[in-house]
Amino acid sequence: MTHATEQLVPPAPLRARGLRLAGVSLTLGDGDSTVVALDDVTLTVPPGELLAVLGPSGSGKSSLLAVAGALIAPSSGAVHLDGVDVTGLKPARQAALRRERIGFVFQSGNLLPALTAVDQLRFALHVAGMRGTPDRDPRALLEQVGMGHKADRRPHELSGGERQRVGIARALVTAPALLLVDEPTAALDRARSHEVVELLAAETHDHGVATVMVTHDHDVLEHCDRTVEMEDGRLGA
Amino acid sequence: MFLALRELSFARARFGLMGGVVALIAVLVVMLSGLSSGLVNDGVSGLKKLPVTDFAFGEGTAIDSAFSRSTVDRDQLERWSAQDGVADAALFGNQLVNAEGPHGEPVDLALFGVEPDSFVAPTASSVVDGGTLDRPDQIVVSETVADLGLGVGDTVTIERLGTELTIAGVLDGQHTFGHVDVAYVPLATWQEIHAGVPTGERARPEVYDEATAIALTAGPDVRIDAAAGDTAATTTTVSLTESFDGSPGYAAETLTLELIQVFLYAISALVVGAFFMVWTIQRKHEIAVARAMGASNGYLVGDALAQAAVVLVVSTAVGIGAGTGLGALLSSTPMPFELEAGPLAVAAALLVGLGLAGAAASVGRIARVDPLTALGGQR
Ligand SMILES: Nc1ncnc2c1ncn2[C@@H]1O[C@H](COP(=O)(O)OP(=O)(O)OP(=O)(O)O)[C@@H](O)[C@H]1O
Ligand SMILES: [Mg+2]
């Protein structure tokens, strides 16, 4: 596992740290009914920045996360993470990159029902092959997101906001370079939404993570460092 | 196994149900295996224990009735004795008879007619009680006659003929043929009984030339050339194992039981396959999440197979344990039931192996789950 990480991180002088999308387009669908989900998107997110992505439904926000997170290859353009061209990697290498360098926070948490909160974090470490020397201690991390007292509860015993916090802790436990967050506050009330986004901002700043957060919620933008709008696959100001 | 074991304890009711089905099938397989072994022993243990490699029957004898229909004579025996590769050859008589015990109770016997000095006759070392054959009115019987209350010194009387035969010795272990106890009897006496000659009378001279088959034994590391011998002696020769089909009901019984077992294995594999198919489909979203997190196909498929293996091994072990316990109760009844370690080990391996194959066919779907579906809402 360690040699894989070395291959994915180039020597220091070449490093352009954080996430870089250069002229990325993504065409979805097959044959005659194709949709341009991303249209010539260029974007840089340096480490320690929390970027909010706004935009109407269908504008390509989730597609942006999928391309940035090496879940789908762009039709054209390049995606670099800490200087490594992600688009050129084989699927198995992309999976390795995801488990070692990228954290996902999905809408409504998407925790595994069979696992307790602390096991959700341990699973992420296990998948990443980091069981021996975790970069961040699962229980301490749960404590940090305010879930220490419910570390041994399963998802069905947690509220929506609590699940979201466990999901954030799970994404952070492998100490990723890039954190991709899809509508984290969709299922939460105002107070909870603020708590969750404040938590994301704090983690982003304290650990130098490049974070992209998709949201519909204008209320929480005050915690973000920068905001971009998407419209028909294009990036606005 | 990280996820596998935690899912097992989380969804224990579902896995318990599936494991229960496998365990019950394992119980049934044990029962059938015991019944098979029991029936095989009841049908042919007398033949199995003969120091014989092949039987030569009269020419053209159909194997399923060979022991009751075939006739051979001394002339054929001589020609077989002269064949290459034959270490020893002897006349062998076989007839099922109804007899009466000392108190008039019915006793069914399979009379094996042998010349007392031939290689098929009971030897002193195979007898645990009494002695071997040395008078024409003596028999040496299977240990299982004890179940009928008979022992050394008791006399049985052949029905209709009135021939009285005294038990001279009891053999070590079960010797049965066609579900009936074997009684070795001197060939001349067998020939008289077979010809239906009442006690005390002499039969026509040619009767003393005849028997059911020629028992053959090959020399060490030699195979008997059945075709050459059959041409020379005008016989039809089969191996000892093939001759088992000549035991009444043997072929039908074993075939039926084997067929039921094949179906049970197939059902078990299908149940396990169907369970893991549904289980995998139910977990589709979780699998997508795990794959988006970067879990490889090998990791997820290996985890699912390990999970299947744990369920299969535990439920098969429980089922075989329970079946063996039940079988111990059955063994003490007159039912032909015998548990043998070999067939049980094979049954356990088949249940686990075929179950894993069924699971493998289903969990292959994991590789087709698109990690993209983890993004966005619940679709
Ligand atoms: N698998 C697919 N095949 C074809 N078209 C797709 C597929 N997934 C998404 N699209 C289309 O791509 C465009 C962008 O979709 P995307 O999911 O990125 O939007 P979004 O901004 O995340 O919307 P929402 O706010 O509703 O989540 C939409 O027009 C959508 O219909
Ligand atoms: Mg979306």
Side-chain angles (χ1 to χ4, degrees), chain A residues 4 28 57-58 61-73 91-116 119-120 122-129 131 154-156 167 170-171 173-174 176 180-183 186-187 214, chain B residues 1-19 275-276 278-308 310-311 363-364 366-379:
Chain A
L28 289 172
S57 185
K61 304 182 298 293
S62 295
S63 303
L64 182 73
L65 293 188
V67 168
L71 284 174
I72 189 166
R93 303 290 313 135
Q94 290 185 337
L97 182 84
R98 288 203 299 273
R99 59 184 176 251
E100 287 162 17
R101 313 279 293 142
I102 302 176
F104 283 100
V105 180
F106 306 103
Q107 198 172 335
S108 74
N110 278 312
L111 302 177
L112 304 174
L115 303 186
T116 60
D119 277 343
Q120 305 279 347
R122 290 195 187 122
F123 178 64
L125 291 171
H126 197 265
V127 162
R131 58 211 94 154
R154 294 208 168 87
H156 66 92
R170 180 179 72 181
V173 74
T174 53
L180 300 168
V181 189
D182 200 0
E183 302 192 31
V214 166
Chain B
M1 291 272 262
F2 185 92
L3 195 53
L5 294 178
R6 286 162 178 82
E7 278 176 347
L8 279 177
S9 90
F10 181 65
R12 51 186 168 275
R14 267 170 286 176
F15 280 104
L17 272 178
M18 199 260 305
F275 175 87
F276 277 98
V278 173
W279 175 243
T280 307
I281 291 170
Q282 267 185 3
R283 292 193 315 141
K284 216 173 153 174
H285 192 73
E286 296 158 54
I287 293 164
V289 168
R291 292 201 59 193
M293 287 168 67
S296 67
N297 272 330
Y299 180 94
L300 292 171
V301 171
D303 204 63
L305 284 181
Q307 190 173 54
V310 169
V311 179
V363 302
I366 286 174
R368 298 203 294 273
V369 173
D370 186 354
L372 255 187
T373 55
L375 272 182
Q378 312 272 10
R379 287 180 215 189

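Sequence lines set the chain letters: A, B, ... in the order given, protein chains first and strands last, and positions in each chain run from 1.
- Using a 4.5 Å cut-off between heavy atoms, A:P113 touches chain B through backbone and side chain atoms alike.
- Residue A:A92: no heavy atom, backbone or side chain, is found under 4.5 Å from chain B.
- Only the side chain of A:R154 comes within contact range of chain B, with at least one heavy atom under 4.5 Å from a heavy atom of that chain.
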TODO: Please report the C-alpha distance between A:F123 and B:M293 in whole Å, then the side-chain angles of each, then the deciding distance to 0.1 Å, and finally whether the side-chain contact (heavy atoms from CB on, under 4.5 Å) criterion is met.
DONE: CA-CA 10 Å; A:F123 178 64; B:M293 287 168 67; 4.0 Å; yes
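- Of all non-hydrogen atoms in B:V289 and A:F106, the two that sit nearest each other are CG1-CE1, 3.8 Å.
- Among the candidates B:S296, B:A295, B:P371, B:A292, the residue making the largest number of heavy-atom pairs closer than 4.5 Å to chain A is B:A292.
- When heavy atoms are compared at a cutoff of 4.5 Å, A:F104 approaches chain B solely by way of its side chain, counted from C-beta outward.
- Distance check: B:F10 CZ to A:L115 CG gives 9.0 Å after rounding to the nearest 0.5 Å.
- Looking only at distances, no side-chain donor or acceptor of B:R283 sits under 3.5 Å from a matching main-chain atom of A:L112.
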Task: Derivation of the side-chain contact (heavy atoms from CB on, under 4.5 Å) call for B:D303 and A:H126 - done: CA-CA 12 Å; B:D303 204 63; A:H126 197 265; over 6 Å; no
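- Closest non-hydrogen pair, B:E7 versus A:A114, comes out as CG-CB, 3.7 Å.
- Across A:N110 and B:A374, no two heavy atoms sit closer than the pair ND2-O, 3.6 Å.
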